[in-house]
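Below is one structure, written out as structure tokens; comments come after it.
The shown structure was predicted, so the numbers you read here are calculated from the model rather than taken from an experiment. Proteins come first, then strands; the chains are lettered A, B, ... in the order of their sequence lines, and each starts at number 1.
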Amino acid sequence: MAEPFNHKAIEQKWRDEWEKNPINVEDGKKPKYYCLDMFPYPSGNGLHVGHWRGYVISDVWSRYKMMHGYYLIHPMGWDAFGLPAENYAIKMGIHPAISTAENIKNIKRQIKQIGAIYDWDREVNTTDPDFYKWTQWIFVQMFKKGLAYEKEFPINWCPSCKTGLANEEVVNGRCERCGTEVTKKNMRQWMLRITDYADRLLKDLDKLDWPEKVKKMQTDWIGKSYGAEVQFKVDGRDDEITVYTTRPDTLFGATFLVLSPEHALAKSLATDDNKEAVEKYIYDASMKSNIDRMQSKEKTGVFTGSYAVNPLNGKKVPIWLSDYVLADYGTGAIMCVPAHDDRDFEFAKKFGLPIIQVIAKDGKEIADMQEAYTEASGTMINSGKWNGMESSELKQKAPEYIEEMGFGKKTVNYKLRDWVFSRQRYWGEPIPIIHCPHCGNVPVPEEELPLRLPDVEKYEPTGTGESPLAAIDSWVNCKCPVCGADAKRETNTMPQWAGSSWYFLRYVDNKNDKELVSREKADKYLPVDMYIGGVEHAVLHLLYSRFWTKFLYDIGVVDFDEPFTRLFNQGMITGKNGIKMSKSKGNVVSPDELVNDYGCDSLRLYEMFVGPPELDAEWDDRGIEGVNRFLRRFWTLAVDSIDAKVKATPEMIKVRHQLTHDVSERIESFSLNTAVAAFMEYNNRLIAIAKKEGGVDIETVETFTQLLAPFAPHVAEEIWQRCGHGDSVFHSTWPKFSEEAMKEDIIRLPVQINGKTREFIEVPADISREDALARAKEAAANRLTGTIVKEIYVPGKIINIVQKQ
RNA sequence: GCGGCUAUGGCGGAAUUGGCAGACGCGGCGGAUUUAGGUUCCGUUGGGAGACCGUGCAGGUUCGAGUCCUGUUAGCCGCACCA
């Protein structure tokens, strides 16, 4: 009898052994494979079983790749700057530098329990000056290229976090971090010109092996649209109003203009009669929060009293203000064609403005229009020289016509805004800029980087719009590096997304003090082949990283312009009833106890077994019993079989090939839950065989062990050693299967009568159609009472006999 | 409102190109071992007494539909006046 399975002893033994003799080593010949986890921010709550899942997925995949002969880049690090870390520090009353260090220690301990094959020599920490030196360096390069610039304008402001936010950080009008309603605040900001990259960010999505969902989210976020800008002269004045439209084909149907209340001309367009109402409307709009503005679906508006002239037909159209027109999209002004736009239709109805149809639906004008006809299909009517044209065609050509006629031009618009890059917080990379009264903004000289974050006593956000750094005179006051005059440092810090926008590059050369990454190492190890993490970063981190990578490509730091070739989003582990695990809900399941009771290998297996890796799964502790039972049963089978030394039977060989096939295929298609099911199924089969034969042959034990190794590395390594191997199972080559050897000789074929399964026949796998049908008819003779009208035989699958009574 | 995903036993979930629905596991039930409980092992487990019925619901295509098509409902996620 086998000795009992002692997970603690086995796991400890191999943990120590792998530490002493690392198994992932480069020999200069192996190709590289870079499998990356989204690195965690060091939260004070530690890891729960949901965090484990992603790390186990990436580790299974990494080890699987390793057994295919790759040298792995599989690093781990800490995203330790930013709001989450700082808010936690403030809550606990501990300096963020200290709390961050403590949390990293704890999480690192927990991550090590996973038994993943991380290369800790590559570890990075975004708060390490040796790391953020390069974050600052990238900013300086962007500044030099004109991609980082200062601007004063109303930005999103979180009153709770007391800092400005990027558009990407505002979710449904609330702060992405704390859920507080975001307000507007007019502030001087550092911006990054991500919009310069909009087209490339959009186009290059095509070459990525990413979930369609994420690509779509980025596409929508970038929001490219094609249309035209059209200039309308203000009647009786010199001013012009430029509108942006995607439907220039409907220009003849424009019966009024609407400007956003923030439009530069809004106030001055008001005639004396309307002045009061207009000013009140502008004021009211300025007091509305984003959420109010989003929630009030009912259109509001005010007439300015002024008119514009439709450049196409010379007609006077009234100019209105309304907050449904966004100030920061397009030109902040639109031409309204109520007949062919839902919003314009609603507005026109409410305020009694004329509706002119210019596209004939199904060849005629709509008699009693109840809703706008928004499709660009139909013949143009009421459109002067454009009459008779096809709308869809005109939509394409109109921008050029307008350009030729000289009152507008073809344009492309994006929803993507430039990245608000400064934060009025302490815990971030200081922006390396010096404000000189003579030279303007001057970057901190590169040789002076890193510009260290000074130690402060008061690190709480001030709420005044100034960073806590502004209070440190000795730090703020400096000399201009260009002219030597008294100057002041920029006191804003970078957002939490700065370090994570490029950290994956640093892993491959994390000790380089001359360069961000050496070109040699970048060429050798980058880009990331597989990136694994949650979907919550679809438009934040993943968009920013792509932007920074493209920039680094442009300045020659790296030779690729997309950082993550393949992306996998794992589903979330939730508590009962799909409720997100959180400390406040009290439904957090910690892995620590489970590791202690069942072992890391069992928990790893269970994490994979709970469901498809890409879908959310509800955690249920009880399920771990099942995988633990499997592991113990396999242990017994393996250890007993090693002793028994039985010879392989044809059945064992066949099962071994089938197992290899099934597991390989399921891992390859990322169906890790069914791969675990395959282990269990084949384990059951092999136990049954072993009962008959006194064990299974050593090669079958070895193969099973190799296949299991990515999932349960410790047990696998132990059994592998007991099979007589001196080297690690992870240095062995992934088992191969042969279709020939897998084949069953005799198969059980279902026989259907009129599509319903009635009988089964056992036949040779290569039986001919005639023989199969004959056997089927024989078996189902008493049911074949009618006339046979059709006979279907799908080899290896099914027989269906269709009869008529 | 628009877009996407999901819907299968008591539960988590399996089912290449349409081809035995419910693999695998949890839970349940019965038995063996045990002084007993737990463990372990064996058996059983969609519903129905049965003909049969069963993949959210209603149709359709097909010899055959969980899978394809049309419509519809519910839940989750994303976007949300982007002209």
Note to self: Measure CD1/Ile792(A) against C1'/rA65(B) and give the value in whole Å, please.
What the structure shows: 14 Å

Margin query: For rG50(B), give the paired nucleotide (Watson-Crick: N1-N3 plus N6-O4 or O6-N4; G-U: N1-O2 and O6-N3; both under 3.5 Å), or none.
Written below: none

Notebook entry, point to check: Applying a 3.5 Å limit to both distances, which nucleotide forms a Watson-Crick or G-U wobble pair with rG37(B)?
Noted result: none

Note to self: I'd like to know if Glu298(A) pairs up with Lys350(A) as an ion pair, taking the criterion as any Lys NZ or Arg NE/NH1/NH2 lying under 4.0 Å from an Asp or Glu carboxylate oxygen.
What the structure shows: yes

Check: Atom CD1 of Ile687(A) and atom P of rU40(B): how far apart are they, to the nearest Å?
Finding: 12 Å

Next item on the list: Dump the intermediate steps for side-chain contact (heavy atoms from CB on, under 4.5 Å) on Leu165(A) and Val182(A), then the final yes or no.
Entry: CA-CA 9 Å; Leu165(A) 299 172; Val182(A) 166; 3.9 Å; yes

Item checked: Watson-Crick/G-U partner (both atom distances under 3.5 Å) of rC76(B) -> rG4(B)

Notebook entry, point to check: If you measure from the Lys or Arg side-chain nitrogens to the Asp or Glu carboxylate oxygens, is any gap between Glu346(A) and Lys299(A) under 4.0 Å?
Noted result: yes

Check: What is the base-pairing partner of rU62(B), counting Watson-Crick and G-U wobble geometry with both distances under 3.5 Å?
Finding: none

Next item on the list: Under 4.0 Å between any heavy atoms, over every strand shown, what does Val794(A) touch: base, sugar-phosphate, or nothing? Just pick one.
Entry: base

Check: Do any side-chain nitrogens or oxygens of Asn754(A) fall under 4.0 Å of OP1 or OP2 in rG64(B)?
Finding: no

Check: Using the purine O4'-C1'-N9-C4 or pyrimidine O4'-C1'-N1-C2 torsion, is rG71(B) syn (within 90° of 0) or anti?
Finding: anti

Check: Does a nitrogen or oxygen in the side chain of Lys797(A) sit under 4.0 Å from OP1 or OP2 of rG19(B)?
Finding: no

Notebook entry, point to check: Do Lys213(A) and rC77(B) share a donor-acceptor pair, side chain to base, under 3.5 Å?
Noted result: no

Next item on the list: Just call it for Asn673(A): base, sugar-phosphate, or nothing, with non-hydrogen atoms closer than 4.0 Å on any strand.
Entry: sugar-phosphate

Margin query: Please tell me if Arg633(A) has a side-chain N or O lying less than 4.0 Å from either OP1 or OP2 of rC41(B).
Written below: yes

Item checked: Integer-rounded Å distance: rC52(B) P and Lys756(A) NZ -> 8 Å

Note to self: Check this one for me: any side-chain N or O of Tyr324(A) less than 4.0 Å away from OP1 or OP2 of rA83(B)?
What the structure shows: no

Margin query: Does rG25(B) have OP1 or OP2 under 4.0 Å away from a side-chain N or O of Arg629(A)?
Written below: no

Checklist line | Protein-nucleotide distance (Asp662(A), atom CG; rA14(B), atom P), rounded to Å | finding: 15 Å

Note to self: rC11(B), OP1 or OP2 - any side-chain N/O from Arg622(A) closer than 4.0 Å?
What the structure shows: no

Note to self: What I want to find out is whether Arg775(A) reaches Glu762(A) closely enough, with some N-O distance under 4.0 Å, to be called a salt bridge.
What the structure shows: no

Check: Would you call Arg177(A)-Glu169(A) a salt bridge at under 4.0 Å N-O?
Finding: no

